[in-house]
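In what follows, every chain begins at residue 1, and chains take the letters A, B, ... in the order their sequences are listed. It should be emphasised that the depicted structure is a prediction, and the values quoted were computed from it without experimental measurement.
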There are 2 protein chains.
Amino acid sequence: MLEIFDNVCILLAKSEQKHFQFTKKLLEEHGLGITPGQLVVLYALYKGDGVSITELSKKSYLDNSTLTGLIDRLERAHFVSRVDVPEDRRSYYIYLTEEANAIRDQAIAIMQSVAKTMLEGCSEEEVRVFRKVLLNIYEKL
Amino acid sequence: MLEIFDNVCILLAKSEQKHFQFTKKLLEEHGLGITPGQLVVLYALYKGDGVSITELSKKSYLDNSTLTGLIDRLERAHFVSRVDVPEDRRSYYIYLTEEANAIRDQAIAIMQSVAKTMLEGCSEEEVRVFRKVLLNIYEKL
DNA sequence: CAGAAGTATTTTGCACGCAAATTAAATTTG
DNA sequence: CAAATTTAATTTGCGTGCAAAATACTTCTG
């Protein structure tokens, strides 16, 4: 191991890449029919749906233009629906479907399972520091 | 802040995303003429060039198919050159050009600058734990 | 109220990144 | 040595993500 991982930037990038691939694999194995990106969007919507793209963008920390595509695919897969806003013809609200609510527990369980696996062997204190540094990175950059 | 960052998976993904964007911006501002992905490849090559795609793949932790494209663009930008291997006509060695060596110090400085900025305010001990957890994630997943 | 300014969403263009399939060459095997 | 297998690199297909431009609609201003 190591060599290139002497650089914390690269180590961060590669760990996230691994995390992404692992999540993708787990979602496939469990046959949820969603991708890692869609999982994040659903996770945000589980905390409250019936929101516009722009509102969802703030909740999910994803760009509007990224969400357009993700919502397209989620809609095609019948996990969300776009509902017109009468007062503003530019906008619409995004609602979860029954299908989406049906996989809610499983989806969240998979996320937790990924977290558990990747942090296995780390103490609570280490995880606390890890979260703190990640948050620091998010805020400083 | 928070809400969705209660989930460490999402926090990891978003922090990496920020890191990527910040690096991209810095590279552009300094006019290096390379992208974050290319920076990683160059970083691996600075540690030793004259390697095949497969060897570079191991050094850079990138897939062969990902490298093909990256090397294409680096070659077009005159930062690397493909040199045929006489003994094996399937393969070639990748060498850094003078242009690549000319930006070496600057490229590495930018990486270090990103690392410094994103870890600002964190103690050495916290950074040590952070690296340890990242490595754990890489190994466990 | 018409033109200007602002806002919501989408489209386009580019950069990653991997898996699976493909191509071409080298090596192993019968 | 010819066929089968393996190996090296590439291509194709899909998912993610942002910035900048485009589109369509709403709101503000004179």
Side-chain angles (χ1 to χ4, degrees), chain A residues 9-10 12-25 27-29 32-42 51-58 60-77 82-94 141, chain B residues 9-10 12-25 27-29 33-42 51-58 60-77 80 82-94 141:
Chain A
C9 294
I10 294 180
L12 171 61
K14 297 302 171 186
S15 300
E16 161 52 21
Q17 184 62 31
K18 276 269 189 153
H19 154 254
F20 179 87
Q21 293 299 327
F22 186 78
T23 306
K24 187 181 160 203
K25 201 189 75 184
L27 285 169
E28 282 165 4
E29 283 174 4
L32 282 228
I34 57 171
T35 59
Q38 293 172 8
L39 180 59
V40 171
V41 174
L42 287 181
V51 293
S52 70
I53 278 273
T54 300
E55 285 166 335
L56 184 56
S57 167
K58 278 164 195 150
S60 66
Y61 297 89
L62 286 167
D63 196 89
N64 270 15
S65 60
T66 303
L67 278 172
T68 295
L70 280 166
I71 294 296
D72 278 351
R73 277 167 253 148
L74 280 171
E75 191 176 34
R76 240 178 287 138
R82 287 171 157 104
V83 177
D84 284 347
V85 176
E87 312 87 55
D88 190 337
R89 298 203 303 168
R90 292 168 305 180
S91 192
Y92 57 82
Y93 294 139
I94 300 158
L141 304 186
Chain B
C9 294
I10 296 180
L12 172 60
K14 298 301 170 185
S15 300
E16 162 51 21
Q17 183 62 32
K18 276 270 190 153
H19 154 252
F20 179 87
Q21 293 300 328
F22 186 78
T23 306
K24 188 181 160 205
K25 200 189 76 182
L27 285 169
E28 281 164 4
E29 283 174 4
I34 58 171
T35 59
Q38 293 172 11
L39 179 60
V40 171
V41 175
L42 287 181
V51 292
S52 69
I53 277 274
T54 300
E55 287 166 332
L56 184 56
S57 168
K58 278 164 194 147
S60 66
Y61 297 88
L62 286 167
D63 196 270
N64 270 15
S65 60
T66 301
L67 278 172
T68 296
L70 280 166
I71 295 296
D72 278 352
R73 276 167 255 148
L74 279 170
E75 191 177 33
R76 238 177 288 138
V80 303
R82 287 170 157 105
V83 176
D84 285 347
V85 177
E87 312 88 53
D88 191 336
R89 297 204 301 164
R90 294 168 304 180
S91 193
Y92 57 82
Y93 294 139
I94 300 158
L141 304 188

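When rounded to the nearest whole Å, the span between CD1 of Ile71(B) and P of dG17(C) equals 12 Å. Rounded to whole angstrom, the span from the CG atom of Asp72(A) across to the P atom of dT16(D) amounts to 12 Å. In this structure, Lys58(A) atom NZ and dT7(C) atom C1' are separated by 10 Å, rounded to whole Å. For Asp84(A) and dT9(C), the CG to C1' distance is 13 Å, given to the nearest whole Å. Rounded to a whole Å, the NZ atom of Lys25(A) is 17 Å from the C1' atom of dA20(C). The separation between Ile53(B) atom CD1 and dA24(C) atom P is 18 Å, rounded to whole Å. Counting to the nearest Å, the C1' atom of dG17(C) and the CD atom of Glu16(A) are 12 Å from each other. Rounded to whole angstrom, the span from the CZ atom of Arg73(A) across to the C1' atom of dG15(D) amounts to 6 Å.
Residue whose closest nucleotide on DNA chain D sits further toward the 5' end, between Glu87(A) and Leu39(A): Leu39(A). The nearest heavy atom of DNA chain C to Ala13(A) and to Ser52(A) marks one nucleotide each, and the one closer to the 5' end goes with Ser52(A). Both Asp88(A) and Leu70(A) lie close to DNA chain D; mapped to their nearest nucleotides by heavy-atom distance, the more 5′-ward contact belongs to Leu70(A).
Using a 4.0 Å heavy-atom cutoff across all strands shown, Thr68(B) reaches at least one base atom of the nucleic acid.
The shortest distance between the side-chain N/O atoms of Tyr92(A) and the OP1/OP2 oxygens of dC25(D) is not below 4.0 Å. Considering only side-chain N and O atoms, Ser91(B) lies under 4.0 angstrom from the phosphate OP1 or OP2 of dA9(D). Contact check, Thr35(A) against dT16(D): a side-chain N or O comes under 4.0 Å of OP1 or OP2.
Using a 4.5 Å heavy-atom threshold, the side chains of Leu56(A) and Ile71(A) count as touching.
Annotation for Leu12(A) and Leu12(B): closest pair CD1-CD1, 3.9 Å, computed over non-hydrogen atoms.
Listed by chain and residue number, Tyr138(B), Leu141(B) satisfy the side chain to side chain contact (heavy atoms under 4.5 Å, CB included) test with Lys18(A) (two or more places apart in sequence, or in another chain). Residues that satisfy the side chain to side chain contact (heavy atoms under 4.5 Å, CB included) test with Gln17(A), not counting sequence neighbours, are Gln21(A). Scored by the side chain to side chain contact (heavy atoms under 4.5 Å, CB included) test, Lys58(B) finds Thr54(B) as partners (sequence neighbours excluded). With sequence neighbours left out, Val85(A) forms a side chain to side chain contact (heavy atoms under 4.5 Å, CB included) with Glu87(A), Asp88(A), Ser91(A), Tyr93(A). Legend: residues meeting side-chain hydrogen bond (donor to acceptor under 3.5 Å, both in side chains) with Arg82(A), ordered by chain and number and at least two apart, are Asp72(A), Glu75(A), Tyr92(A).
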* Asked: Along nucleotides 18-24 of chain D, 5' to 3', which nucleotides get a B, which get an S, and which get a -, given that the test is a protein heavy-atom distance under 4.0 Å?
  -> BBB---B
